[in-house]
Amino acid sequence: MNENKELILALNQIEKEKDISKDILLEAMENSLVAACKNHFGKADNIRVNINRETGAVNVYAEREVVEEVEDEVTQISLTEAKVKYPTASLGDIVHVEVTPKNFGRIAAQKAKQVVVQKIREEERKVLYNQYCGKEKDIVTGIVQRYQGNNISINLGKVDAVLTENEQVKTEHFRPTDHIKLYVVEVKDTTKGPRITVSRTHPELVKRLFEAEVTEVRDGTVEIKSIAREAGSRTKMAVSTNNPDVDPVGACVGLNGARVNAIVNELRGEKIDIINWSDDPAVLIENALSPAKVVSVTVDVEEKSAKVIVPDYQLSLAIGKEGQNARLAARLTGYKIDIKSESQAAEGGSVDEDTQFFEEQE
């Protein structure tokens with residue numbers, strides 16, 4: 001019997017500090033020692049290793065079938081021999097015969113060290129993966145570490161993430177130690193630990209920020225129905241509620257704009273338009289083109305298209321700089337939008353069809 005209480009004490013310490021189950025480590029050691037037994041016994045198909053959970057004692061057992069006449073000494077034992085140690089044994093039973101080799105404690109100690117180191121790495125990786133896997137599709141706070149070419153290394157606490165160039169907002173520039181909010185797009189388990197893809201451009205980042213900032217959104221009183229975003233420049237968001245006592249837009253804006261301004265600051269000045277959602281496409285499209293005023297909206301539900309007429313002096317506002325307002329409205333509503341001024345509508349056409357026609361596109 002190989003007493004190894006130091007092993008158990010060490011495993012107890014690892015369990016406490018690393019949050020890795022002692023039983024998982026001991027089981028891995030037992031499996032590893034079974035493999036080591038192949039060198040001693042030639043094969044290990046019927047070998048079982050047991051490590052005492054209290055003392056650390058390592059014992060090796062061979063599973064042998066009780067037979068009348070032994071043909072294979074490795075896998076069989078005679079009934080006469082079996083009854084010496086196992087009085088109740090009968091033909092066909094499987095008995096466990098201790099076959100612990102001499103100096104097996106030294107072999108066990110070497111294997112134990114290898115297994116513990118490997119298993120700690122595996123378990124730490126698994127713990128990290130499970131911890132961050134639960135944050136997928138959510139927001140986290142990260143600390144800017146450094147620029148790696150066009151990518152940015154972000155520390156999330158126990159693991160680093162990479163903010164790739166594609167997920168960065170072109171107008172944002174960070175310095176090391178800056179604290180920023182990020183949307184976790186994906187968490188993948190790799191041999192080097194969890195690989196976490198984060199984003200500053202994802203529309204869901206805005207949604208999660210409102211959930212964190214606005215109680216009514218967080219508890220479901222106010223629902224964010226749709227978001228259209230051009231990261232770093234402007235976001236349009238449609239909200240609704242089933243509670244007649246709650247103003248969904250007002251709840252998101254907050255007293256003196258406090259709530260929406262907190263999010264605008266986090267997004268480094270990105271403009272946010274919050275509108276009322278409507279199940280009536282015409283009303284929704286009119287709301288989506290805010291702040292422009294609309295004279296009329298004609299909707300073709302089957303074609304998912306709409307013709308919008310606005311006052312002459314509102315045309316440029318409805319379209320927005322480089323078509324942004326109308327483009328975001330189209331993306332928010334899911335409708336193709338053809339905008340004309342009143343004078344263009346009266347003439348039966350538009351000045352520039354390419355400029356006036358907008359559809360849902362990235």
Side-chain angles (χ1 to χ4, degrees), residues 203-204 206-207 209-211 213-214 216-230 233-254 257 259-260 263-264 270-346 348-350 353 355-362:
E204 287 289 308
V206 179
K207 184 176 182 179
L209 288 171
F210 271 98
E211 285 175 353
E213 188 69 34
V214 181
E216 292 84 349
V217 174
R218 192 163 56 249
D219 66 20
T221 304
V222 172
E223 183 184 355
I224 297 173
K225 302 286 284 188
S226 180
I227 290 181
R229 184 181 184 207
E230 292 190 357
S233 178
R234 194 170 183 183
T235 288
K236 279 186 181 285
M237 185 173 83
V239 295
S240 72
T241 182
N242 290 324
N243 188 332
D245 297 326
V246 174
D247 171 15
V249 173
C252 292
V253 171
R259 288 172 165 179
V260 73
I263 295 165
V264 167
E270 183 175 314
K271 293 182 176 65
I272 300 176
D273 298 340
I274 306 170
I275 67 155
N276 280 304
W277 172 267
S278 174
D279 291 325
D280 182 338
V283 175
L284 179 61
I285 290 165
E286 181 178 346
N287 293 346
L289 286 168
S290 174
K293 304 298 180 188
V294 173
V295 174
S296 68
V297 180
T298 307
V299 173
D300 185 328
V301 177
E302 288 185 5
E303 292 292 323
K304 294 282 282 186
S305 64
K307 295 186 184 297
V308 178
I309 297 173
V310 298
D312 288 14
Y313 71 94
Q314 291 277 295
L315 182 61
S316 60
L317 184 62
I319 293 169
K321 187 179 179 182
E322 296 176 348
Q324 186 186 62
N325 191 58
R327 190 167 57 248
L328 284 172
R331 202 180 302 163
L332 187 76
T333 61
Y335 274 73
K336 297 175 183 178
I337 301 175
D338 184 12
I339 302 176
K340 296 177 182 177
S341 67
E342 286 182 294
S343 58
Q344 288 169 353
S350 65
E353 287 292 332
T355 305
Q356 317 302 325
F357 189 69
F358 301 89
E359 59 184 319
E360 184 185 4
Q361 57 188 351
E362 291 296 331

> Does the side chain of L328 reach to within under 4.5 Å of the side chain of D273, using non-hydrogen atoms?
Replying inline: no

> Rounded to the nearest 0.5 Å, how far apart are CD of E286 and CG of N276?
Replying inline: 11.5 Å

> Hey, does the side chain of N243 reach the backbone of T221 with a donor-acceptor pair shorter than 3.5 angstrom?
Replying inline: no

> Could you state the interatomic distance from CG (L209) to CD1 (I272), rounded to the nearest 0.5 Å?
Replying inline: 8.0 Å

>> I'd like to know whether L332 forms a side chain to side chain contact (heavy atoms under 4.5 Å, CB included) with I275, so could you lay out the CA-CA distance, the side-chain angles of the two residues, the decisive distance to 0.1 Å, and finally the verdict.
In response: CA-CA 10 Å; L332 187 76; I275 67 155; 3.6 Å; yes

> Which heavy atom of A306 sits nearest a heavy atom of I285, and at what distance?
Replying inline: CB-CD1, 3.5 Å

>> Between S305 and K336 (side chain of the first, backbone of the second, donor and acceptor by atom type, cut-off under 3.5 Å), is there such a pair?
In response: no

> Below 4.5 Å, heavy atoms only, C-beta onward: do L289 and V297 meet side chain to side chain?
Replying inline: no

> Checking salt bridge (charged side-chain N to carboxylate O under 4.0 Å, His left out) for the pair R327/E322: CA distance, chi angles, key distance, verdict?
Replying inline: CA-CA 9 Å; R327 190 167 57 248; E322 296 176 348; 5.8 Å; no

> Are the side chain of R218 and the backbone N or O of E211 linked by a donor-acceptor pair below 3.5 Å?
Replying inline: yes

>> Within the structure provided, determine whether I274 and F210 are in side-chain contact (heavy-atom separation under 4.5 Å).
In response: yes

> With side chains defined as the heavy atoms from C-beta onward, is the minimum distance between M237 and C252 less than 4.5 Å?
Replying inline: yes

>> Checking E216 against T241: is there a side-chain donor and acceptor pair closer than 3.5 Å?
In response: no

>> Do T333 and S226 have side chains that approach each other closer than 4.5 Å (heavy atoms only, starting at C-beta)?
In response: no

> For E204, what residues pass the side-chain contact (heavy atoms from CB on, under 4.5 Å) criterion, not counting sequence neighbours?
Replying inline: Y183, H202, K207, R208

> Looking only at heavy atoms, which two atoms of A292 and L317 are closest? And how far apart?
Replying inline: CA-CD2, 3.8 Å

> Is any side-chain heavy atom of V249 less than 4.5 Å from a side-chain heavy atom of W277?
Replying inline: no

> Among pairs that include at least one residue of residues 302-320, which meet salt bridge (Lys or Arg N to Asp or Glu O under 4.0 Å), considering only residues two or more places apart or in two chains?
Replying inline: K307-D338

> Can you tell if the side chain of L315 reaches within under 4.5 Å of the side chain of Q344, non-hydrogen atoms only?
Replying inline: yes

>> Closer than 3.5 angstrom, by distance alone: can the side chain of K236 be matched with the main-chain N or O of A330 as a donor-acceptor pair?
In response: no

>> Please give me the minimum heavy-atom distance between K340 and A345, naming the atom from each residue.
In response: CB-N, 4.4 Å

> If you round to the nearest 0.5 Å, how far is CZ of R234 from CZ of R229?
Replying inline: 14.0 Å

> So which heavy atom on N325 is nearest to which on A288, and how close?
Replying inline: OD1-O, 4.5 Å

>> Side chains of V214 and V260, heavy atoms from C-beta outward: is any pair under 4.5 Å?
In response: no

> Could you go step by step and tell me if T298 and I309 meet the side chain to side chain contact (heavy atoms under 4.5 Å, CB included) rule?
Replying inline: CA-CA 9 Å; T298 307; I309 297 173; over 6 Å; no

> Which heavy atom in A326 sits nearest to a heavy atom in I337, and how many Å separate them?
Replying inline: O-CD1, 4.5 Å

